[in-house]
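Notes to accompany the following structure.
This structure is a prediction, so every number in the text was calculated from the model and none was measured. Chain A is the first sequence line, chain B the second, and so forth, proteins listed ahead of strands; every chain is numbered from 1.
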Protein chains: 2
Amino acid sequence: MKRIAESTVRRLSLYLRFLEDFEKRSIGTISSDELAARGSTTSAQVRKDLSFFGSFGKRGLGYSVPELLARLRQILGLDHEWHVVIVGAGKIGAALAQYRGFSQRGFRIVALYDSDPEKVGRTVDGLQIRPMSALTAESHHHRPDIAVLAVPATAAQEVADIVVAAGVRAILNFAPQQLQVPDTVALKEVNMAIELEGLSFALTNLRM
Amino acid sequence: MKRIAESTVRRLSLYLRFLEDFEKRSIGTISSDELAARGSTTSAQVRKDLSFFGSFGKRGLGYSVPELLARLRQILGLDHEWHVVIVGAGKIGAALAQYRGFSQRGFRIVALYDSDPEKVGRTVDGLQIRPMSALTAESHHHRPDIAVLAVPATAAQEVADIVVAAGVRAILNFAPQQLQVPDTVALKEVNMAIELEGLSFALTNLRM
DNA sequence: GACGTCTTGTGAATTTCTTCACAAATTACG
DNA sequence: CGTAATTTGTGAAGAAATTCACAAGACGTC
């Protein structure tokens with residue numbers, strides 16, 4: 001299969017969200033134009049994005065909402081459960097552990113780790129915080145697919161190495177630290193500083 | 001000035017971070033190659049990115065770390081203070097209010113708002129939570145440049161309209177809801193669901 | 001001060017991504 | 001059944017981003 005651009009995958013996620021909304025409102029059919037309007041893109045872009053995976057629409061009619069929903073879920077790999085471990089039970093880690101969006105979309109949090117002995121043993125949203133030192137051993141049992149890192153920047157690379165060694169194949173990094181991982185491991189960085197600086201740049205350079 | 005790509009601005013933020021690190025380690029000079037290695041990009045990319053704004057290096061030598069730092073800060077608009085309001089004092093909003101990275105980089109949180117009367121009046125990190133209804137009036141005084149939205153998805157668009165009307169010209173949106181804003185307003189979305197789905201896609205399609 | 005080594009800055013080439021534009025398919029309707 | 005109105009799927013064109021490649025400048029050394 002041809003390589004799919006990251007921008008395409010991001011848009012597929014958006015389309016999925018819009019379709020869920022359309023389904024909730026019992027709309028059975030949707031055109032690429034209507035989908036595009038919701039995501040500030042163009043109908044051609046929507047059709048091109050979908051065309052990488054097959055042809056799901058009916059000419060003259062549009063796309064069946066439930067059908068396209070199912071196809072998108074399948075394409076994005078949301079048709080089965082992923083095991084997630086969260087590392088770091090500070091403010092961000094705890095907020096993530098309680099975030100409903102995870103389980104809603106088939107991401108099951110199987111464990112929450114922290115290296116601080118003070119925090120170990122406490123419970124967050126029904127999940128007991130485990131010591132960092134237990135991660136490797138417990139991973140044989142939990143078989144995590146994805147690790148979410150919510151640790152200080154200074155610890156991030158070390159933790160990344162540990163979870164990769166423990167068999168995790170995807171990392172979502174909230175620490176403000178650029179990580180190095182083998183290219184067999186998928187990596188996404190969420191970095192508020194970068195977003196803020198992007199806004200600062202826009203405020204400085206665009207208009208005024 | 002030519003339009004600068006978003007990807008370029010993101011990389012400038014990264015370079016800034018690396019340079020801060022080099023400065024801390026008292027490294028006086030850096031080559032585009034060394035900068036590239038830290039950010040998994042290429043030296044040509046680094047030089048091209050910088051070339052949009054001038055020529056800051058010395059052939060045969062590289063870039064002066066303090067000088068390039070200063071120039072990048074200026075380019076990104078980090079050479080003066082921005083006023084930030086946070087809307088939503090739930091888990092995420094509260095965590096953001098306490099996040100040290102804001103003030104460290106010249107983003108001053110001038111107010112924290114919530115519509116829940118239960119939360120109004122409480123203090124988060126020395127900042128009293130104000131009622132949402134006061135935002136418009138108080139903005140005349142605070143003159144916020146940036147609004148950070150940490151509200152439920154269902155409220156996000158309404159809040160966005162309010163802050164835009166109150167004079168905010170940049171929005172950082174943490175709500176899982178695609179916002180519509182006038183194109184005079186800069187907008188960044190941080191959406192964990194999209195990142196997770198990107199990882200799910202990678203796990204499903206790449207290898208295995 | 002000439003020579004060798006290094007690294008920038010930047011047009012040109014290449015690759016990637018988006019938009020255009022239109023034939024083909026489907027429905028609606030008289 | 002035929003015609004008008006839609007809307008998809010997709011090659012081709014266009015735009016944007018990245019990489020190449022090399023002349024020009026700067027330093028170190030003898």
Within this structure, what is the NZ-to-P distance between A:K48 and D:dA15, rounded to whole angstrom? 16 Å

Is it the case that the side chain of B:D114 and the backbone of B:A89 share a donor-acceptor pair, with hydrogens and angles ignored and the cut-off at 3.5 Å? yes

How does protein reach along nucleotides 1-8 of chain D, written 5' to 3' as B (base within reach of a heavy atom under 4.0 Å), S (only sugar-phosphate), or - (no contact)? -----BBB

Closer than 3.5 angstrom, by distance alone: can the side chain of A:S200 be matched with the main-chain N or O of B:G77 as a donor-acceptor pair? yes

Determine whether A:E138 and A:R130 make a side-chain contact, defined as any pair of heavy atoms from C-beta on separated by less than 4.5 Å. yes

Side chain B:Q157, main chain B:Q180, donor-acceptor under 3.5 Å: yes

With a 4.0 angstrom cut-off to heavy atoms of chain B, pull out the first and last contacting nucleotide of DNA chain C, in 5'-to-3' order. C:dC6 to C:dA12

Nearest heavy atoms of B:A111 and B:L127, plus distance in Å: C-CD2, 4.0 Å

Can you see if the side chain of B:Q45 gets near the phosphate of D:dT19 - specifically, an N or O under 4.0 Å from OP1 or OP2? yes

Can you pull out every salt bridge (charged side-chain N to carboxylate O under 4.0 Å, His left out) where at least one residue sits in residues 29-41 of chain B? Sequence neighbours excluded, please. B:D21-B:R38

If the test is salt bridge (charged side-chain N to carboxylate O under 4.0 Å, His left out), which one of B:R105, B:R108, B:R143 qualifies with B:E81? B:R108

So what does A:S7 hit on the nucleic acid, given a heavy-atom distance under 4.0 Å: a base, only sugar-phosphate, or nothing? sugar-phosphate

For A:K91 and B:A95, the nearest pair of non-hydrogen atoms, with its separation, is CB-CB, 4.0 Å

